[in-house]
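Bear in mind that the values here come from a model prediction, so they are computed numbers and not experimental data. Excluded from the calculations below are hydrogen atoms, water molecules and symmetry mates; all remaining heavy atoms, backbone and side chain alike, are included.
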Amino acid sequence: MISRQIANAHTTFNVVCTLVWVPLLPLMVKIVKWIIPDRTGVPAKKRESALDIRVISQPAAALTLVSTEIRRELAGITGLLSSMGDLLLGKEKNLAAFAAALSEEKDRCRDVSEYISAMFSVGSLTKEQAEEASGFLVLSNNADRISDRCHDIVQHADDMASRGVSFSEEAGQELKASLATVEKIYAGTVSLLEDGSPSLEAAGRISRAKSKLRKNIKNIEKAHLARVKEKKCDASLTPVFVDILYNMDRISDNCLSLSEEALAGTRLTVREVPKEFQQGSLPASPQE
């Protein structure tokens, strides 16, 4: 039958092509990499993770690993905030490094959320452990939102650099001062989470600093509009300037949410990690 012969010929052709090309796959990979090289300038590296799917049914150990990973999340946010100042003012051009750090932070937040969800799906959590895991999820989600705010701010800086425009000296100093305040609020929030017994006074200082930042932002916006009126600032940059300040204010909102979670009982105090999961013997993240 002609139809059967056609089908057999087609199958034979595909099998032969597969047998020929399989040994040549490494060569094809090299050719593709040569044609389309990596232009990010940032070498790929394996991301270290404390999470291990093998202990997902052992809540005590799993929660310890989650706590360790969230501490890494929060440390990553500290790095993002500290690198934003020079990027924002155009003094640092290494956006690729920031993008790599941001991508790692986003992946870490995603992994924590998926890991905690898996812990609940197993169904071996006690009521207290479920509450602790829920608190950790709130921390991770807020860290994820802060990283999004950092991305939005640096994206504005990148867009301005590509357009060849910049803020006035006064505007730049105001943004730098506001960012320094945000960093202090964030650092105080992390300290609160790491405190074994956080006080209402410590949380109150964060709340007051956040309220003061919001008032300062309103004053800064008024000062910017006054400079625009006097032709000292580029009017076209007003939406960008306001949005950057808005994102800083939202980061402080996330810090307030984190401090409230600390007062609710969520702790990131240092715990003893099981020996088989300590530094140097940590397996790869289950998502990698």
Side-chain angles (χ1 to χ4, degrees), residues 42-81 99-148 150-151 186-198 203 254-255 257-288:
V42 180
K45 64 177 182 179
K46 190 173 184 178
R47 177 169 52 84
E48 189 179 72
S49 175
L51 305 179
D52 191 293
I53 199 68
R54 292 174 298 176
V55 296
I56 203 75
S57 60
Q58 303 173 39
L63 286 170
T64 297
L65 299 183
V66 170
S67 177
T68 299
E69 194 68 2
I70 291 180
R71 290 170 70 89
R72 290 176 178 170
E73 277 189 68
L74 299 179
I77 294 292
T78 298
L80 292 178
L81 291 173
L102 177 64
S103 177
E104 181 174 339
E105 183 66 20
K106 296 291 291 181
D107 288 345
R108 198 179 297 282
C109 293
R110 180 205 63 213
D111 289 352
V112 168
S113 296
E114 292 179 357
Y115 194 83
I116 293 175
S117 296
M119 290 175 63
F120 276 98
S121 67
V122 170
S124 59
L125 296 171
T126 65
K127 180 180 178 181
E128 292 75 14
Q129 289 169 339
E131 290 178 353
E132 185 176 15
S134 297
F136 284 158
L137 189 58
V138 172
L139 301 187
S140 183
N141 288 340
N142 275 281
D144 192 33
R145 293 189 185 100
I146 293 175
S147 65
D148 286 337
C150 292
H151 170 268
Y186 181 76
T189 303
V190 173
S191 296
L192 195 69
L193 287 167
E194 293 177 342
D195 190 341
S197 181
N254 293 125
C255 289
S257 178
L258 289 171
S259 67
E260 290 172 350
E261 195 61 35
L263 289 179
T266 302
R267 302 284 187 273
L268 286 177
T269 51
V270 178
R271 312 175 186 202
E272 183 179 352
V273 180
K275 291 182 179 180
E276 62 270 29
F277 305 112
Q278 288 178 2
Q279 186 70 22
S281 60
L282 290 175
S285 169
Q287 284 78 16
E288 291 181 329

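How far CG of Leu192 is from CG of Leu263: 6.0 Å, rounded to the nearest 0.5 Å. The CG atom of Leu51 lies 4.5 Å from the CD atom of Glu69; values are rounded to the nearest 0.5 Å. If you take OH on Tyr186 and CG on Leu81, they are separated by 7.0 Å, rounding to the nearest 0.5 Å. The CD atom of Gln58 lies 9.5 Å from the CG atom of Leu65; values are rounded to the nearest 0.5 Å. Atom OG in Ser113 sits 5.0 Å away from atom CG in Leu137 (nearest 0.5 Å). In this structure, NE2 in His151 is found 16.0 Å from CD1 in Ile146, a value given to the nearest 0.5 Å.
A donor-acceptor pair is defined here as one N or O able to donate and one able to accept, closer than 3.5 Å; no such pair exists between the side chain of Tyr115 and the backbone of Arg110. Side-chain atoms of Asn142 come within 3.5 Å of backbone atoms of Val138 as a donor-acceptor pair (strictly under, hydrogens ignored). Looking only at distances, a side-chain donor or acceptor of Arg267 sits under 3.5 Å from a matching main-chain atom of Ala262. At least one donor-acceptor pair closer than 3.5 Å links the side chain of Ser134 to the backbone N or O of Ala130.
A salt bridge links Asp148 with Lys106: at least one charged nitrogen is closer than 4.0 Å to a carboxylate oxygen. Under the 4.0 Å criterion applied to side-chain N and carboxylate O atoms, Arg108 and Asp111 are not assigned as salt-bridge partners.
Residues Glu73 and Cys109 approach most closely at OE1-SG, 2.8 Å, considering heavy atoms. Across all their heavy atoms, Met119 and Ile56 have their closest contact at CG-CD1, 3.5 Å.
Between the side chains of Glu132 and Thr266, not a single donor N or O lies within less than 3.5 Å of an accepting N or O.
Counting heavy atoms from C-beta outward, Asp107 and Glu104 have side chains that stay 4.5 Å or more apart. In this structure, Thr64 and Val55 have side chains that are not in contact, with every pair of non-hydrogen atoms separated by 4.5 Å or more. Taking the side chain as every heavy atom from C-beta outward, Glu105 and Asp144 never approach each other to under 4.5 Å. Two residues are said to be in side-chain contact when any heavy atoms from C-beta on lie closer than 4.5 Å; Phe136 and Val112 fail this criterion.
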Item to complete: Let me see the working for Val190 and Leu258 under side chain to side chain contact (heavy atoms under 4.5 Å, CB included), right down to the final yes or no.
Response: CA-CA 8 Å; Val190 173; Leu258 289 171; over 6 Å; no
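Contacts classified as side-chain hydrogen bond (donor to acceptor under 3.5 Å, both in side chains) and involving residues 117-128 (residues at least two apart or in different chains) are given here: Thr126-Gln129.
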